[in-house]
Amino acid sequence: MLSRLREWFWNERLWFPEGLGWANLEGSDGLTYAKAADLWVTLPIALIFLIIRQIFERTVAIQMAAALGVKEKVRVRLEHNPTLESFFRISNKTPKQCEIESLGKKTGYSDRQIHRWFRRRRNQERPNKLKKFKEASWRFTFYLLAFIAGLAALIDKPWLYKMEEMWAGFPMLTLLPSQYWYYMIELGFYISLLFSVASDIKRKDFKEQIVHHVATILLISFSWCVNYIRAGTLIMLVHDASDYLLESAKMFNYAGWRKACNYIFILFAVVFMITRLVIFPFWILHCTWVYPVTVYPPFFGYYFFNGLLFVLQCLHIFWAVLILRMAVKFLPGNNIVEDERSDREETDSEDDEKEQEDRKAPMKNGPVQNGHSPLNNNHHRKTE
């Protein structure tokens, strides 16, 4: 069964145009071509990245945070209550009004005290600012170095300036050492991100991030196996061009450098729109979707490769909407650009304001508080 599945999976008709196959990628006359077995190297590279990240966040990132003046907000100490803690862990982190009244009877707490306890307990679950800074600084460092390395590897290549050249001589495209390490390091890094996703900060686009990581890993791996090396290096370079700007904006955000954060965010938004919504679809995607069919008939690998690129483009549009939403908030003169994907910490003042609004809200049977009329409510209200 496994042998048949393997034979089907590596069928040349799936991955190559008619008349071409794996034999064309056998090294000869001193020339080296990409091979699927090379991808095993990315697993130890991913492990090395995980180790380096731990060392980086505990040393370099801490020093960077201190240099930029990252200050962690002191959270109010939470009074331990077994009943509320059990409800928080098992039932609901944001109880409804009827549940709050029931908890009040069990604990002797007022509604306001219970609201405050759950708000502070939810804040304890949220990652602190220093953790966010360390994560952003790690990604910033990698994306910046990857972009510089990718640019250095491609600056003298003809397909950087004339993208049709990425298919010249396909599939017999000689593998260069710079391309080898660029691929292995990029793929190893994204595998390490997939391994660390459980411990990383979970944002509102968590599912989209998982899809992005999986699609990226598949795209890089597939392009390597069938020797789409030139197209792959261009795609990685385009993605690295803006990522380090976003991470640096986050770093200045957490440090409270508001003007620097806003200026970098504007630069990031411009670079993102140009690279992800202009260069990627109208140059790279056009050259992988339109140009190849003028050279050879379409085949499964052609559709599979471009299908992954279309998935990435859909994610680009999704993130572009988030960026525009942040830009709209920024334009009127907000003091700082907040990440739309972040889970913002709640404050006591916000909860008090919400409670006052709830008291003023009219009910079907007239103004009531805690399920009782205003005249009788004083007999049922507990004081703090």
Side-chain angles (χ1 to χ4, degrees), residues 25 27 30-35 38-39 41-42 45 49 52 138-190 192-193 212 216-217 219-249 264 266-292 295 305-306 308-309 312-313 316:
L25 299 183
L31 301 178
T32 304
Y33 299 104
K35 293 180 175 59
D38 297 335
L39 296 179
V41 178
T42 60
I45 290 178
F49 269 125
I52 294 176
W138 164 248
R139 294 175 186 257
F140 162 77
T141 303
F142 175 82
Y143 289 137
L144 178 60
L145 294 178
F147 177 68
I148 295 173
L151 195 61
L154 292 172
I155 195 67
D156 60 341
K157 304 300 185 295
W159 56 88
L160 178 63
Y161 309 98
K162 188 178 180 181
M163 294 189 179
E164 289 80 1
E165 289 292 325
M166 72 172 69
W167 302 114
F170 175 83
M172 288 73 75
L173 305 178
T174 305
L175 178 64
L176 303 176
S178 59
Q179 294 172 325
Y180 175 86
W181 287 110
Y182 189 31
Y183 253 82
M184 296 300 108
I185 291 175
E186 284 272 357
L187 184 55
F189 178 76
Y190 280 105
S192 72
L193 289 183
H212 175 268
T216 301
I217 291 171
L219 181 63
I220 296 175
S221 301
F222 173 76
S223 64
W224 178 268
C225 291
V226 294
N227 215 14
Y228 286 6
I229 303 296
R230 296 176 180 178
T233 52
L234 288 176
I235 293 168
M236 290 188 293
L237 182 67
V238 165
H239 282 74
D240 290 336
S242 60
D243 287 340
Y244 68 92
L245 292 172
L246 175 61
E247 300 303 330
S248 62
I264 295 175
I266 293 174
L267 179 60
F268 157 74
V270 172
V271 175
F272 184 94
M273 298 300 174
I274 293 175
T275 56
R276 307 289 183 93
L277 300 184
V278 178
I279 295 177
F280 184 81
F282 296 107
W283 270 268
I284 295 180
L285 195 53
H286 177 270
C287 198
T288 60
W289 178 257
V290 177
Y291 182 77
V295 181
F305 182 69
N306 283 284
L308 292 175
L309 295 182
L312 288 182
Q313 185 57 35
H316 295 165

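How far CG of Leu193 is from CD1 of Ile217: 8.0 Å, rounded to the nearest 0.5 Å. Put simply, CG on Leu267 and CG on Leu245 are 5.0 Å apart, with the number rounded to the nearest 0.5 Å. Glu186 CD to Ile235 CD1: the interatomic distance, rounded to the nearest 0.5 Å, is 11.5 Å. Atom CD of residue Gln179 and atom OG1 of residue Thr174 lie 9.0 Å apart, to the nearest 0.5 angstrom.
Between the side chains of Tyr190 and Thr42, no donor-acceptor pair of N or O atoms lies under 3.5 Å.
Annotation for Phe268 and Ser242: closest pair CD1-O, 3.2 Å, computed over non-hydrogen atoms. The two residues Met184 and Asp38 make their nearest non-hydrogen contact at SD-O, 3.6 Å. Across all non-hydrogen atoms, the minimal contact from Ala168 to Arg230 is O-NH1, 3.4 Å. Taking both residues in full, the closest heavy atoms of Val271 and Ala241 are given as CG1-O, 3.7 Å, listed atom of the first, atom of the second, then distance. In this structure, Val238 and Arg276 approach most closely via the heavy-atom pair O-NE, 4.0 Å. Between Leu237 and Tyr182, the closest heavy-atom pair is N-OH, 3.3 Å.
Remark: side-chain polar atoms of Trp224 are paired, donor with acceptor, to backbone N or O of Lys35 under 3.5 angstrom.
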Given Trp167 and Thr288, is the side chain to side chain contact (heavy atoms under 4.5 Å, CB included) satisfied, shown in steps? CA-CA 9 Å; Trp167 302 114; Thr288 60; 4.1 Å; yes
So Thr216 and His239, side chain to side chain contact (heavy atoms under 4.5 Å, CB included) or not? Walk me through it. CA-CA 10 Å; Thr216 301; His239 282 74; over 6 Å; no
Could you walk me through whether Met236 and Ile220 satisfy the side chain to side chain contact (heavy atoms under 4.5 Å, CB included) test, starting with their C-alpha distance in whole Å, then the side-chain angles of each, then the deciding distance to 0.1 Å, before giving a yes or no? CA-CA 9 Å; Met236 290 188 293; Ile220 296 175; 3.9 Å; yes
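Scored by the side chain to side chain donor-acceptor pair (under 3.5 Å) test, Asp240 finds no partners at all (sequence neighbours excluded). For Leu308, the side chain to side chain contact (heavy atoms under 4.5 Å, CB included) partners at least two apart in sequence or on another chain are Leu218, Leu219, Phe304.
Ring planes of Trp138 and Phe189: tilted class, angle from 30 to 60°.
In this structure, the side chains of Val278 and Trp283 come closer than 4.5 Å at one or more pairs of heavy atoms. For the pair Ile229/Tyr180, no side-chain contact is recorded, criterion being any heavy-atom separation below 4.5 Å from C-beta on. By the 4.5 Å heavy-atom criterion applied to side chains, Tyr183 and Thr233 are counted as neighbours.
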Scan the side chains in residues 142-165 for donor-acceptor partners under 3.5 Å anywhere in the protein, sequence neighbours excluded, and list what turns up.
unit_1, atom_1, unit_2, atom_2, d
Lys157, NZ, Ala153, O, 2.8
Tyr161, OH, Ile155, O, 2.5

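Trp289 has its ring centre no less than 6.0 Å from the ring centre of Phe305.
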